[in-house]
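Note that this is a predicted model, so its numbers are computed, not measured.
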Amino acid sequence: MQDNNIKKIALIGSTGSIGRQTVQVALSFPDKCKIIGLAADRNSDAFKRQVDEVKPDYSAAAKASEADALSIASLEEADIVVVACGGFAGLKYSLAALNAGKTLALANKETLVCGGDLVNRLAAEKGAEILPIDSEHSAIWQCLGFDRRAPFKRLILTASGGPFRGYTKAQLKAVTPEKALGHPVWKMGAKISVDSATMLNKGFEVIEAHHLYGAGYGKIAAVIHPQSVVHSMVEFDDGAVLSQMSAPDMRLPIQTALFYPERIDGGLKKLDFSKAASLEFYPVKRGEYPCYDLTLQCGERGGSAPVLLNAASEVADGLFLKNALPFTDIYSVISDVLNAVPQTTVKSYDDAFAADNLGRQLALTAAQKYMR
């Protein structure tokens, strides 16, 4: 008989970077949680090995049956649904989890970038909680005392600056996919590694912060922090600034979300304050990261703009990773797509889906003039 105090987890995107680490965390605490559902994009050898290791009650591959994979996100038995898949696809899984009234532990950025208003409206309607897994948003959540509605003056997101900080335009033009995947601190999936190199990823996190914490864009800032020890900060009306610090390891925000409100020693590396160390912070200069600037503009415009932005970035990043598109023309493709069509409202998932499809089509067309 299973202990009723054990949290039952449904995991979407189990073979990605966050998914694999979520499995690792869950298996480390069998007395506290159990993964009862696993969903991945395809029935790969890696997924089959996970199923054998985890022994979930339910498993599904989206490529074989999207309906079966979606059902994992709304399992009646699940206490918490972790959405860790990449890309626009994450939105439908997040909406399915919230529609079932489940607590959503969110690692998929595109859920809020492409459907933040839809997600917040549904969560409020169903009385469902959203717990952030992104290290920056987990940090803010912790600094706010685990209360996403707590008052603050300003949110300050930290960014490593990626592998190309300080590069000239000529140097950026010549960078290879291999170099873009070599993040100086974090080990991440291919798409997010490229987005970190362009700083588009940090722009996504600004949009996420807007939706997660009800913050106007004027109350969200980003700073370059190469050491990635301070994961984000919150400034309050009296001038006090709280930060969350830890060694860079995504297993910490994962277990923070899974075991909230309890804090558990997962055996992760601790900061050693007996040794001298420096923490550096630099402003993010406008114009230095064009994709970051473009993402902020899309967030402020709202509607279909962030959806088109994300769709174009998925296409452009994919072409760059195939060495078919120069690194600097990721921005060119995204910019062309955003200039090609007027902004529309997004009132439903179907609206977002249509904008996503349009953005991909336009990106493939726009990319033709930049491809190698």
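- Residue-environment remark: CZ (Arg42) stays at or below the threshold of 12 foreign heavy atoms within 6.0 Å.
- Salt bridge Lys7/Asp79: absent, no basic N to carboxylate O contact under 4.0 Å.
- With hydrogens and angles ignored, the 3.5 Å screen pairs no side-chain donor or acceptor of Arg165 with any backbone N or O of Ile224.
- In this model, no donor atom of one side chain and acceptor atom of the other lie less than 3.5 Å apart for Ser278 and Glu280.
- Atom NZ of Lys285 has 12 or fewer neighbouring heavy atoms from other residues, nucleotides or ligands inside a 6.0 Å radius.
- Taking every heavy atom of both residues into account, Ala340 and Leu362 meet most closely at CB-CD1, 4.3 Å.
- The CD1 atom of Ile264 lies 4.5 Å from the CZ atom of Phe259; values are rounded to the nearest 0.5 Å.
- Taking the charged nitrogens against the carboxylate oxygens, Lys48 and Asp52 have no contact shorter than 4.0 Å, which rules out a salt bridge.
- Listed here is the closest heavy atom pair of Ser14 and Leu38: CB-CD2, 3.5 Å.
- Taking the six-membered ring where the residue is Trp, Phe353 and Phe88 present tilted rings, their angle falling between 30° and 60°.
- In terms of heavy-atom proximity, Lys34 sits nearest to Ile6 at N-CG2, 3.6 Å.
- Looking only at atom types and distance, the side chain of Glu205 has a donor-acceptor partner in the side chain of Asn201 under 3.5 Å away.
- Side chain of Gln244 to main chain of Ser138: no donor-acceptor pair is present (N/O by atom type, distance under 3.5 Å, no hydrogens or angles).
- For the pair Leu11 and Ala84, the tightest heavy-atom approach, listed with the atom from each and the gap, is CD1-CB, 4.3 Å.
- Ring geometry, Tyr260 versus Phe146: the interplanar angle falls from 30° to 60°, so the pair is classed tilted.
- In plain terms, the two heavy atoms of Leu200 and Cys291 that are nearest each other are CB-CB, 3.9 Å.
- Although no hydrogens or angles enter the test, the distance criterion places no donor-acceptor pair under 3.5 Å between the side chain of Lys8 and the main chain of Glu76.
- The residues Asp117 and Lys347 are annotated as not salt-bridged, no charged nitrogen and carboxylate oxygen being separated by less than 4.0 angstrom.
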Could you check Asn108 against Tyr93 for side chain to side chain donor-acceptor pair (under 3.5 Å), going step by step and ending with a plain yes or no? CA-CA 10 Å; Asn108 172 267; Tyr93 291 105; over 6 Å; no
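- His225 and Leu279 get closest at one heavy-atom pair: CE1-CD2, 3.8 Å.
- Residues Lys202 and Glu136 are paired through a salt bridge, judged by an N-O separation under 4.0 Å between the basic side chain and the carboxylate.
- Between the side chain of His210 and the backbone N or O of Ala215, at least one donor-acceptor pair lies under 3.5 Å.
- Asp195 and Lys109 are not joined by a salt bridge, as no carboxylate oxygen comes within less than 4.0 angstrom of a charged side-chain nitrogen.
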